Amino acid sequence: MAPSLRPSRALAIGTVVMEMPLGHCYRSITPAVGTGPAHAASSAAALPRRSSGASSHSSGTSSDGRLKLHAGAAAALGVALLRRRGSSWRSSARSRTARAAEAAEAGTKSAKEASKMPATMRIQELFAGGRKALFAMNAWYESPDNLTTGRNRVWEYWQLRPTRRIERVCDGKNSSGCTWTELDGRRGVSYVRTDRDSRASFLREVGESADWAKLGGIGSSTLKPYYSTLNAVKGAFNFMESYLEVYEKRDELQPRLGLAEPKTRRAVDVVKYLFEEALPTKDRAKRFAAEFSDSAVVEDLTRPDEAWPRGREAIRKHVEEMYENVSPDFRFVLDEISDGDRACTALWHVEGLILGQKAPRGVSFYELDSAGKVCYARISYDMSF
């Protein structure tokens, strides 16, 4: 007996396949979607009928009102349904697989981020003694006393360097810094940048100069004759710019963004403002000092302790004196800064101090009070570094 399918079921699916005589192609009839006996009857009436001379196993309507399909037509209908269902299943499976892969990737990323140790904790672990695995394979260490690269050599030097006790540490996540004191009382500042595996990849440490070498630092009035001589030499050899120059002239200092105040009261934004917005302006001393609290202290380790500027007014005078005694081309350049909110550490260098050359390099630590003003700073650099 030829298989048959109720019209209502076939129409609910949406496609009925009828077999045509041999030599003809298959024909697909797609009536409007509907169910129920009435719709089935009207749809069945709309289907093409074969002539009375067709073979006995052709499609037709039986006495009980059921639509009979040829075995080939039924098989084609079944294959079409299976293909549609298989395609839908494969599409759904691919979608589920893609969603699972995305979820797994997001989970892995979240796990890595969660497992990444903040730089502020890593630097404390390093100063507690550390271990070789805390340094990246391409680690770089620099200070006025030593420059070394590679995990093995950096670790060897780290074990030999003097013991240093952390005093203050900034709250950076990818980079951090701290102030420290050695057992003999020598002070300094360190900066550490970590890679994505929380290993120390870059380190800079600068300690204070010996007492006999503290001449007052950059722009000190004690070094005014030295700077005056340098400026005279520059002027003497650069009077004919088309023929002879002993240094590269620089454009006039300009603020980086022209901000009137820091973007936020995060330490990283306040310190960026000091270097890139306040100092490059004509009223640099006033704008620079305005970001310090009334009780702020700036520990310039190139000066004797009694010469440190304390309070906003003293800091303003300190900046004025420094720029009065140096070349017009003198400028601080911010190289890198840790991403701290309450405190941060900055790497910088000076240009235009010695015949236009870059010198020195330094590292500074800044801490903010509850109002977002700088309440403490330590500046450490070496004129030979």
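What you are looking at is a predicted structure, and each value in this text was computed from that prediction instead of being measured.
Here the closest non-hydrogen pair linking Ser364 and Trp348 is OG-NE1, 2.8 Å. Between Arg287 and Leu259, the shortest heavy-atom contact is NH2-O, 2.6 Å. Minimum heavy-atom separation, Met117 to Ser198: N-OG, 2.8 Å. Taking both residues in full, the closest heavy atoms of Ala200 and Ala139 are given as O-CB, 3.7 Å, listed atom of the first, atom of the second, then distance. Between Ser338 and Ser175, the closest heavy-atom pair is CA-OG, 3.0 Å. Nearest heavy-atom pair, Val270 versus Thr264, reported as atom, atom and distance to 0.1 Å: CG2-O, 3.9 Å.
At a threshold of 4.5 Å between side-chain heavy atoms, the hydrophobic network of Ile, Leu, Val, Met, Phe, Trp and Tyr places Tyr366 and Ile166 in two separate groups. Note: the hydrophobic cluster containing Trp180 does not contain Val297 (ILVMFWY, side chain heavy atoms under 4.5 Å, direct or indirect links). Transitive grouping of hydrophobic side chains (ILVMFWY, heavy atoms separated by less than 4.5 Å) brings Tyr381 and Val319 into a common cluster. Note on Val189: it clusters hydrophobically with Phe202, by side-chain heavy-atom contacts below 4.5 Å among ILVMFWY residues. Under the 4.5 Å side-chain contact rule for hydrophobic residues, Trp158 and Val169 share a cluster.
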Q.
Using the rule given for side chain to side chain contact (heavy atoms under 4.5 Å, CB included), can you reason through Asp305 versus Arg187, listing the C-alpha separation, both sets of side-chain angles and the distance that settles it, and then say yes or no?
A. CA-CA 12 Å; Asp305 294 11; Arg187 296 159 295 193; 3.1 Å; yes

Q.
Before you tell me yes or no, could you show the steps for Trp155 and Leu134 under side chain to side chain contact (heavy atoms under 4.5 Å, CB included), namely the whole-Å CA-CA distance, both residues' side-chain angles and the distance that decides it to 0.1 Å?
A. CA-CA 9 Å; Trp155 169 240; Leu134 299 183; over 6 Å; no

Q. Run the side-chain hydrogen bond (donor to acceptor under 3.5 Å, both in side chains) check on Arg378 and Tyr376 step by step: do they pass?
A. CA-CA 7 Å; Arg378 175 178 288 181; Tyr376 172 84; 3.3 Å; yes

Q: Check step by step if side chain to side chain contact (heavy atoms under 4.5 Å, CB included) holds for Glu276 and Leu257.
A: CA-CA 8 Å; Glu276 299 176 345; Leu257 299 175; 6.0 Å; no

Q. Does the side-chain hydrogen bond (donor to acceptor under 3.5 Å, both in side chains) test come out yes or no for Ser143 and Asp145, once each step is laid out?
A. CA-CA 5 Å; Ser143 72; Asp145 305 320; 4.6 Å; no

Q: Go through the steps to decide whether Met322 and Phe332 satisfy the test side chain to side chain contact (heavy atoms under 4.5 Å, CB included), and finish with yes or no.
A: CA-CA 12 Å; Met322 178 172 58; Phe332 284 99; 3.7 Å; yes

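Annotation: side chain of Tyr191 is not in contact with side chain of Val206 (no heavy-atom distance under 4.5 Å). In this structure, the side chains of Lys132 and Asn152 come closer than 4.5 Å at one or more pairs of heavy atoms. Thr148 is not listed as a side-chain neighbour of Glu156, based on a closest heavy-atom distance of 4.5 Å or more.
The residues Lys286 and Asp283 are annotated as not salt-bridged, no charged nitrogen and carboxylate oxygen being separated by less than 4.0 angstrom. Between Glu299 and Arg168 there is no salt bridge, since no side-chain nitrogen of the basic residue lies less than 4.0 Å from a carboxylate oxygen of the acidic one. A salt bridge between Glu125 and Arg122 is present, with a side-chain N of the basic residue lying under 4.0 Å from a carboxylate O of the acidic one. A salt bridge between Arg256 and Glu277 is absent, with no side-chain N of the basic residue lying under 4.0 Å from a carboxylate O of the acidic one.
Of the N and O atoms on the side chains of Asp195 and Ser201, not one donor lies less than 3.5 Å from an acceptor on the other residue.
Judged by distance alone, the side chain of Arg199 and the main-chain N or O of Ala133 form a donor-acceptor pair under 3.5 Å. Distance alone, capped at 3.5 Å, is enough to place a donor-acceptor pair between the Asp339 side chain and the Lys173 backbone. No donor-acceptor pair closer than 3.5 Å links the side chain of Arg342 to the backbone N or O of Glu367. With Arg266 contributing its side chain and Asp341 its backbone, the two residues share no donor-acceptor pair below 3.5 Å. No donor-acceptor pair under 3.5 Å is formed between the side chain of Thr345 and the backbone N or O of Ser176. Of the possible polar contacts, none joining the Trp308 side chain to the Val298 backbone as a donor-acceptor pair under 3.5 Å is found. Side chain of Ser293 to main chain of Lys373: no donor-acceptor pair is present (N/O by atom type, distance under 3.5 Å, no hydrogens or angles). Counting only distance, with no hydrogens or angles, the side chain of Glu205 and the backbone of Ser190 share no donor-acceptor pair below 3.5 Å.
In summary, of the residues considered (Lys317, His318, Arg316), a side-chain hydrogen bond (donor to acceptor under 3.5 Å, both in side chains) with Glu320 occurs for Arg316 alone. Only one option out of Val192, Thr149, Leu203 pairs with Tyr141 in a side chain to side chain contact (heavy atoms under 4.5 Å, CB included); it is Leu203.
Interatomic distance, Ile379 CD1 to Phe365 CZ, rounded to the nearest 0.5 Å: 13.0 Å.
Ring centers of Tyr273 and Phe275: at least 6.0 Å apart, outside the cut-off.
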